[in-house]
Amino acid sequence: MAAQPVGGQKPFHVVSPVLESLPLSKAVGTKVFMKLENVQPSGSFKIRGIGHLCQDAARKGCRHFVCSSGGNAGLAAAYAARKLGLPITVVVPSSSGPTPVCKLEELGATVEVYGKVWDDANRRAQELVKTEGWVSIHPFDHPLVWEGPPSLVQELKDSLEAKPGAIVMAVGGGGLLAGVVAGLHQVGWQDVPIIAAETQGAHSFHEALKAGRLVTLPDITSVAKCLGAKTVSARALECARECQVISQVVQDTEAVRAVEQFLGERG
């Protein structure tokens with residue numbers, strides 16, 4: 001089910017543009033379109049689901065948000081908290097580095113650095129939400145978070161002239177995957193394959209698919225720290241049984257090179 005306005009409030013996300021990438025289209029020999037979620041108020045798609053969850057929690061009497069994040073989820077939660085006029089504590093691992101901390105503080109969040117990877121930070125967040133009136137805003141594993149990304153698929157259908165041959169996305173904890181699968185069902189595109197990309201060292205979804213069950217990585221060793229969940233959500237594994245999901249694991253060097261190429265193109 002797609003996210004509906006909570007308590008009469010409009011969603012916090014905006015309709016993002018869909019543009020053809022001429023270099024990518026030339027490279028693969030077919031049209032490649034990019035959904036530019038970087039223009040969202042918080043800088044990523046995360047605001048679609050997390051904003052929805054925060055609005056719901058505020059309506060139910062939340063007095064303080066708590067979010068564990070490698071970066072993007074925390075920024076979305078902090079943006080939503082600011083819009084709702086509520087305080088928020090965001091727990092980030094040391095691997096996130098100083099840039100997300102500065103951005104979070106600019107949004108008015110209280111930031112606590114705890115542990116090495118997101119899983120450590122999440123354990124600390126679960127301790128904090130024991131305080132009365134404090135509510136956990138999970139970065140990817142919550143049904144209301146999954147209700148956000150279906151709007152992304154609806155926007156794709158409204159923008160594209162034809163059904164896509166495939167959708168390529170990154171997978172961290174699996175929240176985007178869960179939402180996009182729901183969106184594909186809603187618009188009748190459930191036969192569209194999803195290419196789920198991860199970097200080696202943050203590939204918990206790939207390992208779960210291979211084993212047919214949830215697998216916990218011993219550590220996050222990839223440079224893509226914001227994707228680093230040592231265990232993917234159970235819902236992500238279910239999605240692979242509902243739609244055609246193709247796992248693709250790339251090396252850090254390949255991912256970094258792709259980012260550099262993208263920056264050059266957009267520059």
Side-chain angles (χ1 to χ4, degrees), residues 1-7 9-14 16 35 37 40-60 62 64-84 86 88-92 104 109 118-119 121-122 125-126 128-129 134-155 167 169-186 194 196 204-205 208 214 226-240 242-243 245:
M1 183 177 181
Q4 300 298 318
V6 177
Q9 284 187 307
K10 292 183 179 179
F12 293 140
H13 69 267
V14 300
S16 61
K35 183 71 165 149
E37 287 291 276
Q40 293 296 346
S42 67
S44 79
F45 73 92
K46 290 283 190 179
I47 192 61
R48 292 180 183 265
I50 286 177
H52 180 55
L53 175 57
C54 287
Q55 285 179 319
D56 182 78
R59 180 178 62 83
K60 292 176 178 176
C62 169
H64 193 119
F65 296 122
V66 178
C67 182
S68 58
S69 173
N72 285 334
L75 290 169
Y79 176 84
R82 186 180 183 90
K83 296 285 285 186
L84 292 165
L86 289 169
I88 182 169
T89 299
V90 180
V91 187
V92 299
L104 287 164
W118 170 80
D119 302 76
N122 189 53
Q126 298 314 305
L128 292 175
V129 294
W134 291 34
V135 174
S136 173
I137 303 299
H138 199 285
F140 59 83
D141 198 6
H142 192 289
L144 291 180
V145 171
W146 307 334
E147 288 183 8
S151 59
L152 189 156
V153 180
Q154 183 61 59
E155 291 169 22
I167 292 176
M169 71 175 69
V171 173
L176 178 61
L177 176 62
V180 167
V181 166
L184 292 177
H185 282 285
Q186 288 172 18
I194 295 173
S204 56
F205 179 62
L214 295 180
C226 64
L227 291 178
K230 290 197 291 186
T231 311
V232 77
S233 68
R235 176 62 191 140
L237 199 54
E238 292 173 0
C239 288
E242 297 174 11
C243 290
V245 180

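Side-chain N or O atoms of Gln40 include none that pairs as donor or acceptor with a backbone N or O of Phe12 at under 3.5 Å. With hydrogens and angles ignored, the 3.5 Å screen pairs a side-chain donor or acceptor of Ser233 with a backbone N or O of Gly173. One N or O on the side chain of Trp146 and one on the backbone of Phe140 form a donor-acceptor pair closer than 3.5 Å.
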Please set out all donor-acceptor pairs under 3.5 angstrom arising from side-chain atoms of residues 69-84, sequence neighbours excluded.
{"unit_1": "Ser69", "atom_1": "OG", "unit_2": "Gly71", "atom_2": "N", "d": "2.7"}
{"unit_1": "Ser69", "atom_1": "OG", "unit_2": "Gly71", "atom_2": "O", "d": "3.4"}
{"unit_1": "Ser69", "atom_1": "OG", "unit_2": "Ala73", "atom_2": "N", "d": "3.4"}
{"unit_1": "Ser69", "atom_1": "OG", "unit_2": "Gly74", "atom_2": "N", "d": "2.8"}
{"unit_1": "Arg82", "atom_1": "NH1", "unit_2": "Leu107", "atom_2": "O", "d": "3.2"}

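When all heavy atoms are compared, the tightest approach of Pro139 to Lys46 is O-NZ, 3.1 Å. Heavy-atom minimum distance, Met169 versus Leu177: SD-CA, 3.7 Å. In terms of heavy-atom proximity, Pro150 sits nearest to Ala182 at CG-CB, 4.0 Å. Cys67 and Ile88 make their closest contact through CB-CD1, 4.4 Å (heavy atoms, listed as atom of the first residue, atom of the second, distance). Annotation for Val153 and Val180: closest pair CG2-O, 3.8 Å, computed over non-hydrogen atoms. Closest non-hydrogen pair, Val232 versus Ala208, comes out as CG1-CB, 4.1 Å.
Summarising the geometry, atom CZ belonging to Phe205 is positioned 10.5 Å from atom CG belonging to Leu214; distances are rounded to the nearest 0.5 Å. Taken to the nearest 0.5 Å, the CG atom of Leu53 stands 8.0 Å off from the OG atom of Ser136. We find the CD1-CD distance between Ile194 and Glu242 to be 10.0 Å, quoted to the nearest 0.5 Å. With rounding to the nearest 0.5 angstrom, the CD1 atom of Ile47 is 9.5 Å from the NE2 atom of His13.
Counting heavy atoms from C-beta on, the side chains of Ile50 and Cys54 come closer than 4.5 Å. In this structure, the side chains of Lys35 and Glu155 come closer than 4.5 Å at one or more pairs of heavy atoms. The closest side-chain heavy-atom distance from Glu37 to Leu152 is below 4.5 Å. When side chains are defined from C-beta on, Ile167 counts as touching Leu184, because their heavy atoms get closer than 4.5 Å. Using a 4.5 Å heavy-atom threshold, the side chains of Pro11 and Arg48 count as separate. No side-chain heavy atom of Val245 sits under 4.5 Å from any side-chain heavy atom of Val171. Counting only heavy atoms from C-beta outward, the side chains of Pro143 and Glu147 never approach each other to under 4.5 Å.
A ring-centre distance under 6.0 Å is found for His138 and Trp118.
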